[in-house]
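First the structure, in the form of structure tokens, and then the observations on it.
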Amino acid sequence: MLELKDFEKATEIVQKVTRPTHLVYSDYFSEQCGNKVYIKPENMQLTGAYKIRGAYYKISTLSDEDRSKGLVAASAGNHAQGVAYAAKAYGVPATIVMPTTTPLIKVNRTESYGAKVILKGDVYDEAADFAIKYAEEKGMTFIHPFDDPVVATGQGTIAMEIIKDLPLVDAILVPVGGGGLATGISVLAKQLKPNIKIIAVEPAGANSLQKSMEAGKVVTMKEVHTIADGTAVKTPGKNVFPYLQKNIDEIITVEDDELVVAFLDMVENHKMVVENSGLLTIAALKHLKFKDQKVVSVLSGGNIDIITMSNVVQHGLIMRDRIFTVSVMLPDKPGELVKVAKSVADSQGNVVRLEHNQFVSIDRNHKVELKLTIEAFGTDHKRKIISDLKAKGYDANETGVMM
């Protein structure tokens, strides 16, 4: 059993290495979902994620002998940095096994704390299998990222801070990969506030906890597909599963497209960069079945690489109709391009790219194609721009976006 005294001890210890991440009230998300929404910005932690809590607390409980053997961990990135930082703090070596798909920023940050990184497997589960065998062969101490009640206790210190900041909180939304964070938060929150609602949020393409809950036992998915790399876990933790069964009130699954939109919302409304896994609880807000409640969304991390970020922003703008491409057929004669550009400008559209194709037809005097990628305010504005072009007699149709 994880008892209150364990969490109190963990809270005291992790304060040595964590930054205060006080709750931030969100007018925007509150209005969107009809609840009073607060965000817990663990993306602002020292290592960019909450994982430093569980890693540091676990290592603090080890004997000097076990620490001196060196530490091994498997991680998609955030636990890696937590273990690497904690190992450096204790002056012991650490080896981290990460999936080959891990964003470069997470690899570089892990190495910057002095850890040795080994890339192995396509997903966390494959990296973990290798790491466990590696630790056994080398006689090192393995630090599990989620399937360890001690690690989960360290993560649960988040709940202590949430309830201290917002004593009347009604519900906490927690992202789930393997279940360590959800275990720690749910166990402590239920001890402090028995009537609180704990909602776990998973990617729809990696909903291993949901499937396990339905089966009444831990099950392994054949494969997982999600842009939320930090929660791309095939099998939830066997040791923490009983805690989750007892304390999780509901599971919400989120599609990848919802995470893309949530990224834009977070950047534009809160000026915060949050990784895809950390956005699960933001995307889940619109799926809540209740209103007028005080809700906390835990943002688990902010370690997203620049290439992924640019890709997410681009797709988000397209999904929101903030960027679109229109194909306009027009005769190839002087002044036609200017007329089209003027129509777009009069409609308050902003041309960001154009392509003039004179070879779309043999009869250039009657038909050439002009493709324009245009910046708009949204769907209604996009429709107006296209409608205005058609009203001027142009054969204008939306097409795939040129970027």
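This one's a predicted model, so the numbers in the text were calculated from it and none came from an experiment.
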Decide if atom CD1 of I307 counts as having more than 12 heavy atoms of other residues, nucleotides or ligands within a radius under 6.0 Å.
-> no

Parallel, tilted or perpendicular: which describes the rings of H144 and Y124, with under 30° parallel and over 60° perpendicular?
-> perpendicular

Take E31 and K36 through the test salt bridge (Lys or Arg N to Asp or Glu O under 4.0 Å) and record every step on the way to the result.
-> CA-CA 8 Å; E31 183 178 340; K36 294 182 178 179; over 6 Å; no

Less than 4.5 Å apart, any side-chain heavy atom of M319 and any of V260?
-> yes

Separation between CG of L71 and NZ of K88, rounded to the nearest 0.5 Å | 15.0 Å

E336 with K339: basic N within carboxylate O range, under 4.0 Å = yes

For E214, what residues pass the side-chain contact (heavy atoms from CB on, under 4.5 Å) criterion, not counting sequence neighbours?
-> Q210

Value rounded to 0.5 Å, distance of NZ in K382 from NZ in K384 = 15.0 Å

Note, M272 side chain near I39 side chain (heavy atom, < 4.5 Å) = yes

By side-chain contact (heavy atoms from CB on, under 4.5 Å), A80 pairs with (sequence neighbours left out) S75, I96, M98, T110

Pair T308-D305, side-chain donor/acceptor within less than 3.5 Å | yes

Assess the side chains of D256 and T226: does a donor N or O sit below 3.5 Å from an acceptor N or O?
-> yes

State whether K342 and D388 are salt-bridged, where the test is any N-O pair (Lys NZ or Arg NE/NH1/NH2 against Asp/Glu carboxylate O) under 4.0 Å.
-> no

Just do the salt bridge (Lys or Arg N to Asp or Glu O under 4.0 Å) check on E268 and R320 with the steps written out, would you?
-> CA-CA 13 Å; E268 292 188 326; R320 283 273 172 92; 5.2 Å; no

So, does T21 use its side chain to make a donor-acceptor pair with the main chain of E42 at under 3.5 Å?
-> no

Do F7 and Y57 make the cut of ring centroids closer than 6.0 angstrom?
-> no

State the OG1-CD1 distance between T153 and I13, to the nearest 0.5 angstrom.
-> 10.5 Å

Which distance, rounded to the nearest 0.5 Å, do you find between the OG1 of T157 and the CD of E12?
-> 12.5 Å

Side chain R67, main chain L62, donor-acceptor under 3.5 Å | yes

If we only count heavy atoms from C-beta on, is the V224 to V233 side-chain gap below 4.5 Å?
-> no

In sequence, state the C-alpha distance, the side-chain angles, and the governing distance for F142 and Y134, and then conclude on ring pair (Phe, Tyr, Trp, His ring centres under 6.0 Å).
-> CA-CA 9 Å; F142 182 71; Y134 184 90; over 10 Å; no

Start with the C-alpha distance between V295 and D170, add both sets of side-chain angles, then the distance that settles side chain to side chain contact (heavy atoms under 4.5 Å, CB included), and finish with yes or no.
-> CA-CA 6 Å; V295 180; D170 295 300; 5.9 Å; no

Under 3.5 Å, which donor-acceptor pairs do the side chains of residues 191-198 form with other protein atoms, sequence neighbours left out?
{"residue": "Q191", "atom": "OE1", "partner": "L4", "partner atom": "N", "Å": "3.2"}
{"residue": "Q191", "atom": "NE2", "partner": "L2", "partner atom": "O", "Å": "2.7"}
{"residue": "K193", "atom": "NZ", "partner": "P167", "partner atom": "O", "Å": "3.1"}

Pairwise side-chain contact, T47 with N78, heavy-atom cut-off 4.5 Å (strictly under) = no

Side-chain contact test, heavy atoms from C-beta onward, threshold under 4.5 Å: evaluate it for E111 versus Q81 and give yes or no.
-> no

How about E202 and N207: does a side-chain donor come under 3.5 Å of a side-chain acceptor?
-> no

L288 versus I199: any side-chain heavy-atom pair under 4.5 Å?
-> yes

Could you give the distance from CD (Q314) to CE (M309), rounded to the nearest 0.5 Å?
-> 14.5 Å

Going through the distances and angles, do D321 and R383 end up as a salt bridge (Lys or Arg N to Asp or Glu O under 4.0 Å)?
-> CA-CA 9 Å; D321 285 332; R383 290 171 179 166; over 6 Å; no

Would you indicate whether the side-chain heavy atoms of K190 and D249 approach each other to under 4.5 Å?
-> yes

Hey, is the main chain of N357 close enough, under 3.5 Å, to the side chain of E369 for a donor-acceptor pair?
-> no

Rounded to the nearest 0.5 Å, how far apart are OG1 of T253 and NZ of K211?
-> 9.5 Å

Which of I386, V326, T325 passes side chain to side chain contact (heavy atoms under 4.5 Å, CB included) with E398? Answer is I386

Side chains of L354 and T373: does their closest heavy-atom pair fall under 4.5 Å?
-> no

Evaluate the criterion side chain to side chain contact (heavy atoms under 4.5 Å, CB included) for residue pair L166 and K294; output intermediate values, then yes/no.
-> CA-CA 9 Å; L166 188 65; K294 295 181 179 65; 4.2 Å; yes

Kindly indicate, with the supporting measurements, whether the criterion side chain to side chain contact (heavy atoms under 4.5 Å, CB included) is fulfilled by Y243 and S186.
-> CA-CA 8 Å; Y243 296 102; S186 65; 5.5 Å; no

Worked check of side chain to side chain contact (heavy atoms under 4.5 Å, CB included) between K58 and S60 | CA-CA 5 Å; K58 173 65 177 182; S60 76; over 6 Å; no

Below 4.0 angstrom, N of the basic side chain to O of the carboxylate: do R353 and E375 qualify?
-> no

side-chain hydrogen bond (donor to acceptor under 3.5 Å, both in side chains) assessment of H287 paired with E258 | CA-CA 11 Å; H287 296 289; E258 296 176 86; 2.6 Å; yes

